Amino acid sequence: MKCRSVACVWSESPPVHKVTATAVLDRPSTLYTGGSDGTIFWWNLSSTNSDHDIKPVAILCGHTAPISDMGICFPASTLGDEKISDPSNVASNSSSVNYGSLISACTDGVLSVWGRDSGHCSRRRKMPAWVGSPYMVQALPENRRYVCVACHFIDSVNSLDNHQSLDYSTELGEPSTNIEPQYKKPSRCTVVIIDSYTLTIVQTVFRGTLSIGPFKFMSIVTPIGDMEKESVLIADSFGNMQCVSLLKDTTRSEDISDDSQKNSSHMEMTDLLQESSEGELPISFAASGQVLAILYTTYCIFKLVDGSTKVGEISLLDDQLCQYDVAGCLFLGNGFVQTVVDMEENHNMYVETFAVWNNKGYVIMFTISYSYSGKGFKYVPLCTIPVVSHPPNVELSFSFVLMNQNLVRIESICLHTEEPVHWKPHITIWAKGENFNQECKLVGKGSYFDEWFVGSKNSNGLLKREFVVTSSMVISENDSSPYAIVYGYDSGEIEVLRFNMFSEKVEGSPCEEVDSCAWKQYLSGHTGAILCLAAHQMVNTSRGFNSTIFLISGSMDCTICIWDLNSSNLVAVMHHHVQPVRQIILPPPHTDRPWSDCFLSIGEDSCVALASLETLRVERMFPGHPYIPSRVVWDSTRGYLACFSLNHSATSDASDVLYIWDIKSGARERVLRGNAAHSMFDHFCTSGNKNNFSLSSMERNTSASSLLLPVIEDTQVSQSHPNTPEKRVASTTDLSHATTRMIQHGTHGSNGYPITCSCPFPGIATLTFDMTSLMSLRAESSENQNDEPKIQTPKKGLERINSSLSTDGDQETHVGPTEYTDWAHSIEGCLFRFSLSVLHLWDVDHELDKLLVSEMKLKKPKNFFVASGLLGDRGSLTLTFPGPSATLELWRSSSEFCAMRSLTMVSLAQHMISLSHSCSTASSALAAFYTRKFAEKFPDIKPPLLQLLISFWQDKSEHVRMAARSLFHCAASRAIPFPLRNHNSNDNNGKEDSEMLSWLESFERQDWVSCVGGTSQDAMTSHIVVAAALVVWYPSLVKSTLANLVIHPLLKLVMAMNEKYSSTAAEILAEGMEGIWSVCMSSEIPRLISEIFLQIEHVRGQSVKPMTTHGSAANLEIRESLVGILLPSLAMADVTSFLHVIERQIWSTASDSPVHIVSLMTLIRVARGSPRNLAPYLDKVVNFILQTMDPGNMAMRRSCLQNSMATLKEVVRVFPMVSLNDSSTRLAVGDAIGDINKSIIRVYEMQSMTKIKILDASGPPGLPTLLGGASETTANTAISVLSFSPDGEGLIAFSEHGLMIRWWSLGSMWWEKLSRNLVPVQCTKLIFVPPWEGFSPTSTRSSVMASVMGNGKHFSQDNSKDLSEMDRLKNLLHNLDLSYRLEWSSGRQVLLKRHGQELGTFQL
């Protein structure tokens, strides 16, 4: 399991966001806006208070291409904290539903599903290339788990502009009406059904060439007229429509070949075209149920989706709307729909609200009434939304969406003064007016980041104009620790934010002190926007290990600047490109000199150049590419360079081209086109991965987006077709790049770096702290110390950590063990303090902040923005915006985030104590804050997710285990899942049990599993462990029947030998065995004990075979839990069954089996933990111990002798009725409880392990019954204490029942061997002990305790007549006193003691 906490460092410039798609979720109301750069903004609309403050909460990072569409889906749901309402009640045309998840699609084919509460990305997949580019997304009305995705094959000329009308957004200017010529060619598209839980294709609805033009609109319509099934309605830019039927069974994979359009119904809407005298093209479409609205410039027509009937028409000529270009239309959802019966016409009339807007943001709402027969259509203007007022030079784009019966207007605003343009969103919420021709009421609005620092400071400290970050990156050290964040602005200025984790700022550098965590420096040399960045460390070995970090920047001004970050000096300016420089690629790992200090630059002039940082010259030029190389692979092992160029021309029929270059000679080796180019490029990627990962397309320390990760098509998704002539859209370099990153960053490996740096978008840097790696730093340091006899100082030089340990000249410094340990601990301390400084929630508890700064020496970030985040599937991120409100919103909405962040902080705080005891007070206060005080200060935050905490109960680090358990118990009362919580209701027990079973067996839709890198098995097993833990520790808070439901899954989990959860399950089972589980599983205890012994034998067999260290450690841990924790608790719960099983094991297992040793060790634990339960079976216990030492079985005796003697001595120590003489030659065992008329004492000879005598200890005739109580039963306490005489020739016994001391003379040893007789021997002497002060038959321990509890009558022996035989036995065991002792004094006198108090001395 991985626990990764994400911190986001924002630049001083707000991100650019031009809205291209929108979606809304209710309860609470949440708005999502997708941007042209691939970002998705999560806006909090739930708290529209008096000041109408609406701000974005987080940015969802999962796409790198423009968002084409977003929708609401319902992945497989489980019963949890909320009950999911029936989605069938939601109208198909409504964009606002009660619950669900967000599904987003971008133009490069990547689909992502985002959770409702936390915005966490639970699934991220790339669609196969044959599908094309997603265009529209819509969930199926009948089953909203499945989503219909319409895709087409687009050119760069028409990539997203034609989608604007679909998303109800437009820009100022004349609409493009002369688009007919470019659509003369047949339009190819694909319509598929996606399972939103797995993002796999379950059905191909259509694939091929449309019989109409390129589609502009898609909607799923219900059957009407001749339609028998649900259909997908596709409309093109001319108003033509085509319907394709859906299969009812969406769980099957059905591929329809290219002639699938033959099964579709083609409907040419010629009547609509005839009504437009000038052949006017439609502007926008909208659908509601079976009615389709088609918007034109001056009117809007309503038709049935089958094209059979025209419902009605709205004229827009006489309205203020037509003063500007009409842009879009929208049905306002099921909140405005009602059904009316017109008795005169005898047909149903439907009343809805319909909205139309123009490109100035002016909206008019109509109340329309219509019938499917086309009669009685009416429309009345209802209300309006005023036009947006902005200066003339402002470019606008609008989107509209329905939310809670209100209309939300999203404005994208841009000033045409800078390149690239800076788009900002602005949101307003309008309530529908009550009266006709009334202006809608503004109920909410949100501005764009008023508190954001805009612009940067010049030399005079004054704010300059607002800049836009066009490129950024994080520079990482060799150990992946963050060194600096570099921002490149559109002005050409570069800002470097350097962390002083290990070092202070460089002396003499032109920098600006910002805060205690980092300092800034500025670099000026470019005249155009910075488009790409890279950093490379070059080591000069001629003068020791002196290193220089070079910063390489490519700009819109066609130049490349090389900077020395150590001195902030400009080293060189290169002018070998004639177009803007778009990308810089560093050499792959393990590249040989001199190529290891070179870099590649790619420009818009389609030229690739190889330059050297050592010579500061261009060494190779690779010109002649027909298009800009979009993907470049550098194979350093074979010395080749593969440049792949995609054909983006809208008119040319040329194919994609792959150029292969020889780096050493600069010669072009081969040119491949079309499918051959794709195949060869794939070969380069796969062969490079096999060759020690020497292939590099994009590395760390460059400005390439970290989202270019392996969004690999799964085998279920990639339903490859044999005849696929389309161009392959998937980026094959993603796989190679991601595999390299997994090695470098430790994304999925166990040896990952403690801090991973990435930069998903310009201006956004993320630091991911891996708690597992952080907590194992000391262990790894000691391992390295043991593995390498000589530790060489890293070539980067320790002057950045400790100047006293740096190397000097050519001499290699070898650090000794003590010195190395101090150095490693200093690094560990620095990393921990830096992690806590960045991850801590400052300014919430000011007293704690002061303590952390003064005692723990943390450095509080002050003047740069630090926010929180959540890591999603396949590198996706959910990052909060700057400010405490956005971070607190994530705490309020995400239990997964609360659990991971709290677990990380508490674990680090506890670990800091082991590093330095001087900060124990601050560490304890920090742990208490994230455990209790934070929730007390903000009661509305979500409690940590119990399932996630459970998964870390068996972590390797003790601090993590302690933190996970502490957080679990502190949050348990608030975090009990809804189906398990006790509502003090006795109704619907059957339904409640069904809900609890469903929750226990659920494994789908568990966002926390992807957060920690788990599986569906983790989801199910964690549910079982959580339910069992709640039953044991919080029985009053959960339903009473939960114990019976969870016990059997818990038993299966224990015996599954699962390395993550079996040990935890065994602990919980043992913890509640005495009180809860023994009642539920009384009949299962013998079988479970036998299975545990079988598992022990199995582990023993596995230990003979070679195993990995991890596997052997896991098996050892599980065995320790079974043997040391669970087995003793089972034995205490059912002693009879345990003794029966271990007696059977003597004959059924091998003599040298570890089962016998385990049985002996378990007897020791039972004797210590529950001796009274073992007292009635002392004879069986001693017999078993003696059998393991039988001289006739030397194999068993050799393996068990030491443990057997230890067990025997422990039994003698605990039970006074078992005695061993001083020479350990004789053993006496008396009946602790039994029939007073048949009580005996058995004497064993320890050399032969055989019974030699039976002594009669039955009650003598005339035994006073007054002292024994009024019990009529003969079962009672028999022998209280035994003791051999010092010479071993006699045995003395005391019985509390009857207050008698008996003495037996055993005779000489040789005589016993000659005449061994097992006839009971009467005692030689009998002495009655007078009652001592305070003694009475009812003054036993249980009666005293019972009187304190107020129910002494129940335990009184006077009431034994009312008790059953089993209850009498329990009462006797409860009253059994094991504190009696007999000590020999001078001569033949014996001293009787009880609880160390002398009761009297008696002469024999």
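None of the values given here were measured: they were computed from a predicted structure. These values consider heavy atoms only, across backbone and side chains, with no hydrogens, waters or symmetry-generated copies.
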Ignoring hydrogens and angles, state whether a donor on the side chain of Ser758 or Thr766 is under 3.5 Å from an acceptor on the partner side chain.
yes
When every non-hydrogen atom of Ser555 is compared with those of Ala529, the smallest separation belongs to OG-O, 3.0 Å
| message | When you compare the side chains of His526 and Ser553, does any donor N or O come within less than 3.5 Å of an acceptor on the partner? | response | yes
dist Leu836:CG -> Leu908:CG (nearest 0.5 Å) comes out at 5.0 Å
Between the CD1 atom in Ile552 and the CZ atom in Phe599, the distance rounded to the nearest 0.5 Å is 4.5 Å
Exercise. Does Ser703 use its side chain to pair, donor to acceptor, with the backbone of Cys532 at less than 3.5 Å?
Worked result: no
*Does the side chain of Ile663 reach to within under 4.5 Å of the side chain of Trp595, using non-hydrogen atoms?*
yes
(Q) I'd like to know if the side chain of Glu619 reaches the main chain of Ala611, judged simply by a donor and an acceptor atom lying under 3.5 Å from each other, with no hydrogens or angles considered. (A) no
- Message: Does Leu841 form a side chain to side chain contact (heavy atoms under 4.5 Å, CB included) with Thr887? I'd like the steps, not just the answer.
- Response: CA-CA 9 Å; Leu841 196 61; Thr887 301; 3.6 Å; yes
Side-chain (Thr591) to main-chain (Ser596) donor-acceptor, under 3.5 angstrom:
no
The reported gap from CE in Met771 to CZ in Arg4 (rounded to nearest 0.5 angstrom) is 11.0 Å
>> For a 4.5 angstrom cut-off between non-hydrogen side-chain atoms, does Lys664 reach Tyr640?
In response: no
Note to self: With a 4.5 Å cut-off on side-chain heavy atoms, are Cys8 and Val866 touching?
What the structure shows: no
Rounded to the nearest 0.5 Å, the SG atom of Cys643 sits from the CZ atom of Phe622 at a distance of 7.5 Å
Counting N and O atoms only, with roles assigned by atom type, does the side chain of Ser612 sit under 3.5 Å from a partner on the main chain of Thr615, one being a donor and the other an acceptor?
-> yes
#### Entry: Criterion side chain to side chain contact (heavy atoms under 4.5 Å, CB included) on Ile562 and Leu551, from CA distance to verdict
CA-CA 6 Å; Ile562 301 176; Leu551 176 66; over 6 Å; no
For Val578, does its backbone N or O pair with a side-chain atom of Asp605 as donor and acceptor, under 3.5 Å? yes
* Under 3.5 Å, is there a donor-acceptor pair between the Thr904 and Ser5 side chains? -> yes
Side-chain heavy-atom pair Met905, Leu839 within 4.5 angstrom cut-off: yes
Here the pair of heavy atoms bringing Tyr487 nearest to Ser472 is CD2-CB, 3.8 Å
**Prompt:** Can you tell me if Ser837 uses its side chain to pair, donor with acceptor, with the backbone of Leu858 under 3.5 Å?
**Reply:** no
Can you confirm whether Leu497 sits close enough to Val9 that some side-chain heavy atom of one is under 4.5 Å from a side-chain heavy atom of the other? yes
*Do any N or O atoms from the side chain of Ser471 and from the backbone of Ile530 form a donor-acceptor pair under 3.5 angstrom?*
no
Counting only N and O atoms by type, is there a donor-acceptor contact under 3.5 Å from the side chain of Arg620 to the main-chain atoms of Asp662? no
Below 4.5 Å, heavy atoms only, C-beta onward: do Pro580 and Leu531 meet side chain to side chain?
-> yes
- Can you check whether Leu616 reaches Val571 side chain to side chain, under 4.5 Å on heavy atoms? yes
One should read off an interatomic distance between Arg617 CZ and His576 NE2, to the nearest 0.5 angstrom, of 13.0 Å
(message) Below 30° counts as parallel, above 60° as perpendicular, anything between as tilted: where do the rings of Phe881 and Trp10 land?
(response) parallel
Here the pair of heavy atoms bringing Arg833 nearest to Met856 is CD-O, 3.2 Å
Heavy-atom donor-acceptor pair, Asp849 side chain to Trp842 backbone, under 3.5 Å:
no
Taken to the nearest 0.5 Å, the spacing of Cys830 SG from Lys857 NZ works out to 13.5 Å
- Message: Regarding Asp770 and Lys2, does a basic nitrogen lie under 4.0 Å from an acidic carboxylate oxygen?
- Response: yes
On a heavy-atom basis, the closest approach of Cys607 and His577 is O-CE1, 3.2 Å
Residue pairs passing the salt bridge (Lys or Arg N to Asp or Glu O under 4.0 Å) test with at least one member in residues 570-583, sequence neighbours excluded, are Arg582-Glu604
(Q) Under a 3.5 Å distance rule, please check whether Asp557 uses its side chain to pair with a backbone N or O of Thr559 as donor and acceptor. (A) yes
query: Considering only heavy atoms from C-beta outward, does the side chain of Phe769 approach that of Leu774 to under 4.5 Å?
result: yes
Are the ring centres of Phe834 and Phe499 closer than 6.0 Å? yes
Scanning both residues in full, the closest heavy-atom pair of Thr768 with Val6 reads OG1-CG2, 4.0 Å
Criterion side chain to side chain contact (heavy atoms under 4.5 Å, CB included) on Val632 and Ile602, from CA distance to verdict: CA-CA 9 Å; Val632 177; Ile602 304 172; 3.3 Å; yes
Test log, rule side chain to side chain contact (heavy atoms under 4.5 Å, CB included), inputs Ile549 and His536: CA-CA 6 Å; Ile549 299 179; His536 179 73; over 6 Å; no
Smallest heavy-atom separation, Cys757 atom then Leu767 atom, equals SG-CD2, 3.8 Å
